[in-house]
Trainee: 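Quick one: the structure is below, questions incoming.
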Amino acid sequence: MRKNFLPFSRPSITEEDILAVGEVLRSGWITTGPNTAAFERDFCEYVGCPHGVALASATAGMHLLLKALGIGPGDEVITPSITWVSTVNLIVLAGATPVFADIDRDTLMVTPETVAPCFSPRTKAVIPVHFAGASADITALREQAHQHGVPLVEDAAHALGTHHRGRHVGADGTSIFSFHPIKNITTGEGGMFCTDDPEMAERISRLKFHGLGVDAYDRKTQGRSPQAQVLEPGYKYNMTDIVAVLGLRQIHRVNQFNRKRGQLATRYREWLAEIDEILPLSIPEDTTQHAWHLFIVRLDTDRAGMSRDEFMAELKDRNIGTGLHFRAVHLQKYYRESMGIKRGTLPHTEWNSDRICSLPLFPDMTSKDVASVVEAIKEILK
Ligand SMILES: *Cc1c(COP(=O)(O)O)cnc(C)c1O
């Protein structure tokens, strides 16, 4: 058994990263400024999208998006139920109704077939999630949304480094990335709103900072422009330079991080293949580059004779951390009680919600760590 605890995720922060944060603190400009601008520029170059707005979180980006699209009471937004709760919370907080599309059983992602029955005259947007570092079938989903005359926005929180049919996701259309500590790069907390629509980019820039006509940082005056006026009421969701410098440094290492994630995932796939109770996700054919954000498996609970929660507890007893991405939103207390969606409505979502488990995966892990996880799983299922 492992002597030390293996967390399911850990950010890669170097001494140089720490020094760079220190330099910002000493520079005299610590909120949105030159480092945020440089991060936005290099991030956009990496993804291949024309406009990027750095924010306090991806959740903030989702809030601004719903505001910019004018989504409110009487409107519906189509999204999966297996997603991070923030999207659904914000739809509800905007006074709109989430409409859950079921998922493909083995990729955990919505498909044009599962989304099709969700459209109604009230549909205002479709928000699919690229899951675990693989890509949703964004080409077909976007075409479908446009046929219904509604925008599609990609939740790309898991998808930094993910390519779909040879292009980075988020290169076209509108997408939101996250830099929460478990994501492929981190700024502690942070997000990036990416879009190829210049008007949308301007609107988001404005809404993220009080609705002012110019940014907090004016490059000419090297400070806040005193001429800025409120063009519409906005929020306070800007990223600080203290954390932007981390993003700026990490975006240049993301390929290196993801290569390591991919190598570890290959080990998992090889070594878990012989364990019948463990079912990894399948990789969509048109994911031409996988970001390996998470290594998710499903426990065959019938064969294993134990629940997923018991399995996670057994791993913890053996010094191995796990994650759960995600418990279906419609099965959580508030949504169960307020929406009354019965079990059986979203069969593939529910089947996975009861069986998924994320195994440790982060760039500073070793093959030996992977071997220790596989050994522990074998012992638990023996
Ligand atoms: C992490 C995550 C988010 C939210 O990101 P934050 O930056 O924490 O707000 C949204 N969607 C998915 C799928 C995520 O995994």
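When a ligand or atom number is given, it counts from 1 through the structure's own listing order. Every heavy atom of this structure was used, including side-chain atoms; hydrogens, water molecules and symmetry mates were not.
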Trainee: Are there any N/O pairs under 3.5 Å between ligand 1 and the protein, and if so, what are their distances?
Mentor:
unit_1: ligand 1; atom_1: 5 (O); unit_2: S178; atom_2: OG; d: 3.2
unit_1: ligand 1; atom_1: 7 (O); unit_2: A58; atom_2: N; d: 2.9
unit_1: ligand 1; atom_1: 7 (O); unit_2: S178; atom_2: OG; d: 2.7
unit_1: ligand 1; atom_1: 9 (O); unit_2: A58; atom_2: N; d: 3.3
unit_1: ligand 1; atom_1: 9 (O); unit_2: T59; atom_2: N; d: 2.8
unit_1: ligand 1; atom_1: 9 (O); unit_2: T59; atom_2: OG1; d: 2.5
unit_1: ligand 1; atom_1: 11 (N); unit_2: D155; atom_2: OD1; d: 3.4
unit_1: ligand 1; atom_1: 11 (N); unit_2: D155; atom_2: OD2; d: 2.7
unit_1: ligand 1; atom_1: 15 (O); unit_2: H158; atom_2: NE2; d: 2.7
unit_1: ligand 1; atom_1: 15 (O); unit_2: K183; atom_2: NZ; d: 3.1

Trainee: Clusters formed by hydrophobic residues whose side-chain heavy atoms approach within less than 4.5 Å: which one holds I18, and what are its other members?
Mentor: I13, V21, V24, L25, I30, I242, V245, L246
Trainee: Does a side-chain N-to-carboxylate-O contact under 4.0 Å join R298 and D106?
Mentor: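 The answer is yes: the pair qualifies as a salt bridge.
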Trainee: Does R318 pair with E379 as a salt bridge, N-O distance under 4.0 Å?
Mentor: yes
Trainee: Between R26 and E23, does at least one N-O distance fall below 4.0 Å, as a salt bridge requires?
Mentor: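 Result for this pair is no, no salt bridge flagged.
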Trainee: Whether R249 and D17 form a salt bridge (side-chain N of Lys/Arg under 4.0 Å from carboxylate O of Asp/Glu) is what I want to check.
Mentor: yes
Trainee: With the threshold set at 4.0 Å, does a side-chain nitrogen-carboxylate oxygen contact exist between R303 and D276?
Mentor: yes
